[in-house]
There are 2 protein chains.
Amino acid sequence: MKVTINDVAKLAGVSMKTVSRVINKEPSVRKKTYDIVMNAVKELNYQPNIAARNLAGTSSFAVGLVYDNPNAYYVIDMQNGVLSRCKEEGYELVIHPCSYSDDNMQEEFVTMIKRSRLAGLVLTPPLSEQQAIIDMLDEIGIQYVRLLSGRAQETENSSNCIFVDDFAASHEITEHLISLGHKKIGFVLGDKEHKSTSERLAGYRQALQDHNVAYNEQLIYEGSYSFESGVLGAQSLLKDNNQNNITAILGGNDEVAAGALFAARLMNIDIPAQLSITGFEDSPFSRQTWPKLTTAHQANNVISEHAARLLFTKTRGSRSQDRDIITTFTPSLVIRQSTGAAADNS
Amino acid sequence: MKVTINDVAKLAGVSMKTVSRVINKEPSVRKKTYDIVMNAVKELNYQPNIAARNLAGTSSFAVGLVYDNPNAYYVIDMQNGVLSRCKEEGYELVIHPCSYSDDNMQEEFVTMIKRSRLAGLVLTPPLSEQQAIIDMLDEIGIQYVRLLSGRAQETENSSNCIFVDDFAASHEITEHLISLGHKKIGFVLGDKEHKSTSERLAGYRQALQDHNVAYNEQLIYEGSYSFESGVLGAQSLLKDNNQNNITAILGGNDEVAAGALFAARLMNIDIPAQLSITGFEDSPFSRQTWPKLTTAHQANNVISEHAARLLFTKTRGSRSQDRDIITTFTPSLVIRQSTGAAADNS
DNA sequence: TAGATGATTGACAGCGTTGTCATTTTAACT
DNA sequence: AGTTAAAATGACAACGCTGTCAATCATCTA
C-alpha cells in the first residue's frame, strides 16, 4: 500500500540514494537515469515521507510564516500565497501569529524555529521591519525573506527582501486625484511605526510637488490602520464645515478609507460628488463600501507566493533555480466610484 | 547541544522507552518514575523531536484544519483557537483551505491527509455539513471533529461534533427586538446551503411565535453571507417606501448586517431611530459600522479551541482526558447602538 | 511463603529518508 | 590504448523516536 523510496528504486533499477537525488533535484544525475526514476515515481505515485526527510535531513521540509497583523484579509492572502508555493515544493507551512508587544514572543519564536527545524521564514510587516528580529534571526542562522514597503535600491542587503512600492502606488493615486482637479487632498495616515505609512506619505508629497500643488501639513491626520481611525481622521480633516476645503481624502489603507467614507456619509457629504476617497491594497474592504473604493491593487497572495519562491531558492538554492521571481511589486491604480472630479468647495 | 530522549533517559536513570511513556502520558508509569523523568526533562529542557515521533509512531503529531470560507475573520479565529491548543499538546497544525466546488478538491484533500498522516481533522462549516465528506473521512478512517450549527440532541452521532446554537442566538436576538416593540422584523438570510441559515431562521420564527407575532414570508430575503447581499436584501425589504412597515432587520451575519446598515443609510433611514439592525457572530464587522451593531457574540477562537480539545481526546483518548470540553456554544446577545425602540411607521 | 497475577520497565528493531564516503562509470586527455 | 580526473552511482550508517514483546518487580492469594 505505502510506496517507499525503495519501491521506486527497485522498479527503476537503481539504488535508493539515486532516487533520493532525483526527487531532491540534486545535480550529477544523468538525464537518462533521471527520466527512468521519474517514470518509476509517477508509475507508483510515490510521495516522499515528510517525516523521514525531516528526520534524516539537516533541515526540515517546512517553512514558517510569521505575522503580527490585525488585518485578517491580509493574513489569509499571505497564507494562501505561501501555501500554494509550499505545496508545489512539497514543503509544509507552519503559521506563526505573534504579537511583537508580547514579552515572551522572542522566546516562543525561537522555540518554534528550533522545534520544527524550519528551513526558512517569511516575515511580514511590521515584524519584517524590526531590526531586533532580523538580528536575532541572523544570529540563529536561519534563512528568511522579508516583505517590505519600499524599494530595493534604498535597502541594504536587499537580496532577501520582497518589496511593495508603496511610494509609487501613493504617487499614482495622488496623481489620479490631481488629474481630476483636486488640490486640497487630505491624508489619513496609518500607524506611524509602519514603513508603509511613511512610504505612502512620501509618494503623496512627491506627486504634489511634481504637479506644483502645495503641501499642507494640516491636511495630514496621523492615525492608524483601522476603520475607526478612518472615521476619526475624516471627521478631523473635515471639521468646522471643512474649513480647509478638502475635496479628496487618501485613506492609509482600504479599511481607513472605508471609515472615512462612512464618516463622510454621517456628515451628509456626497461621495464622490463632494468628496473623493481612496484606499490602498484593494482588499475586500474596498468592495464593501458604497460607492466602491478607488484604490491601489496589491495582490498579496501573489506577493507572498514570490516571497516563498525567493525563500526556496535560498534554502535549496543550488538545486533548483527560479528565475521568474518578482522582487518588487508596484500596486496598480483601480478606479472605482469613490473618486470623481473635484468639487468646487471654494 | 541537542537534547535527545537518550540524554533524558540517562539523567533519569531509566530506559528511553520509559521516558517515551512519560512524555506521551501513557498509563502504567509509576508516579515516582514519572516525577524523576519529568525533572530530567525540565532540567535538560528536552523537546521531543516531532519528525522522529512522526516517523516512528503510527500517526503523526499534526492535525488539520479544513475550511472553505470567505470570511477571513472567521478563518483566522478558527486557526488561532486550534493553534493554541496544538501548541499545548505539542502538535503541529496543517491548514487546508479548499473549495468544495473545486473538482479535485476531494483528491487533494485525501492526499494531504495521507501525506501528513494527520492525527485528526477539524472541519468547519459548510464543509462539516457535507455528508459526502463525512463519508469519505469515515472510509479513510481518520479522526475528525465537526463544527456544526445546531444542537446535539438533533444530530445523530454527535460525539465528535461541537455545536453552535444558532437557533437560540437567533431566538434571543429576535426577542430583544420584540421587547423593543418591533413587530415587523425583516430577515436577510445567509446562504441557504448553510445549516446556520436555517437554524437562524428557525430561531427567529420560534421567537415570533412565542410572542404571538405573525410570521410574514415577505419579510424574508434569501441572500448570502456577504456585504453585498446585505445591501441588496435591505433594499429589497425596504423597497416601495417600506411598504411592509419594517422596523427592524436581522442580518444573516455581521457582514450582511453591515451591508443592510449601509443600504439603510443610502436611503436616508436613521439607525436606530427609524430602523434597528442586528447581526450574528460579533465579528470585527460589527464594530466597523456606525452605529456599531447589536449582535450575538460567538467566540470562534474559543469554539475552535474546544474542537481541538475534543479531537485530542479522540486521538490520544485513552492517554489524557479533558473533562472541560464544552460541546455546545450559545452565542450571547451583545447590545450596541444599532437597535432601539420600534419606530412608529404606520 | 510459594506461586500467581498484573503492573512496570527495558531491549531492540524498525520507521523512510538523507549524508558520508567508497566505488564504478564516463569523459578527456596523452 | 593507457592514464587520469571527474561525474555518476551505490552501500550503509545515522536521524530520534515509538511499537513489540520479553523481563522484572510489586502485590495479592491461598
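Heavy atoms only: backbone and side chains are in, while hydrogens, waters and symmetry mates are out. Lettering follows sequence order; numbering is per chain, from 1.
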Nearest-angstrom distance from the residue atom CD of B/Glu26 to C1' of D/dG19
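From B/Glu26 CD to D/dG19 C1': 9 Å.
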
Could you tell me how far apart A/Lys31 (NZ) and C/dT26 (P) are, to the nearest whole angstrom?
18 Å

Go through it in stages, so that I can follow the logic: the residues are B/Arg53 and B/Asn24, the test is side chain to side chain donor-acceptor pair (under 3.5 Å), and I'd like the CA-CA distance, side-chain angles, deciding distance and then a yes or no.
CA-CA 10 Å; B/Arg53 296 174 107 184; B/Asn24 285 300; 2.9 Å; yes

Could you say whether B/Gly57 or B/Lys17 is positioned toward the 5' end of DNA chain C, judged by the nucleotide with the nearest heavy atom to each?
B/Lys17

Does B/Ser15 have a side-chain nitrogen or oxygen under 4.0 Å from the phosphate oxygens OP1 or OP2 of C/dT9?
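Checking B/Ser15 against C/dT9: no side-chain N or O falls below 4.0 Å of OP1 or OP2.
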
Using only heavy-atom distances, determine whether the side chains of A/Tyr73 and A/Asn300 contain a donor-acceptor pair under 3.5 Å.
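Judged by distance alone, the side chains do not pair up.
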
Scan residues 46-55 of chain B against DNA chain C and write down, sorted by residue number, each residue with any heavy atom closer than 4.0 Å; if none is found, say none.
B/Leu55

Could one point to a donor on the side chain of A/Arg21 or the base of D/dG10 with an acceptor on the other under 3.5 Å away?
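It does, because a donor-acceptor pair links the side chain of A/Arg21 to the base of D/dG10 below 3.5 Å.
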
To the nearest 10 degrees, the angle between the two end axes of the helix from C/dT1-D/dA30 to C/dT30-D/dA1 (five pairs per end) comes to 30°

Of the non-hydrogen atoms in B/Ile50 and B/Gly90, which two are nearest, and what is the gap between them?
CD1-O, 3.9 Å

Interface polar pairs with nucleotides 5-8 of chain D, N/O, under 3.5 angstrom:
| residue | atom | partner | partner atom | Å |
| --- | --- | --- | --- | --- |
| D/dA8 | O3' | A/Arg30 | NH2 | 3.2 |

Does CD belonging to B/Gln131 count more than 12 external heavy atoms closer than 6.0 Å?
yes

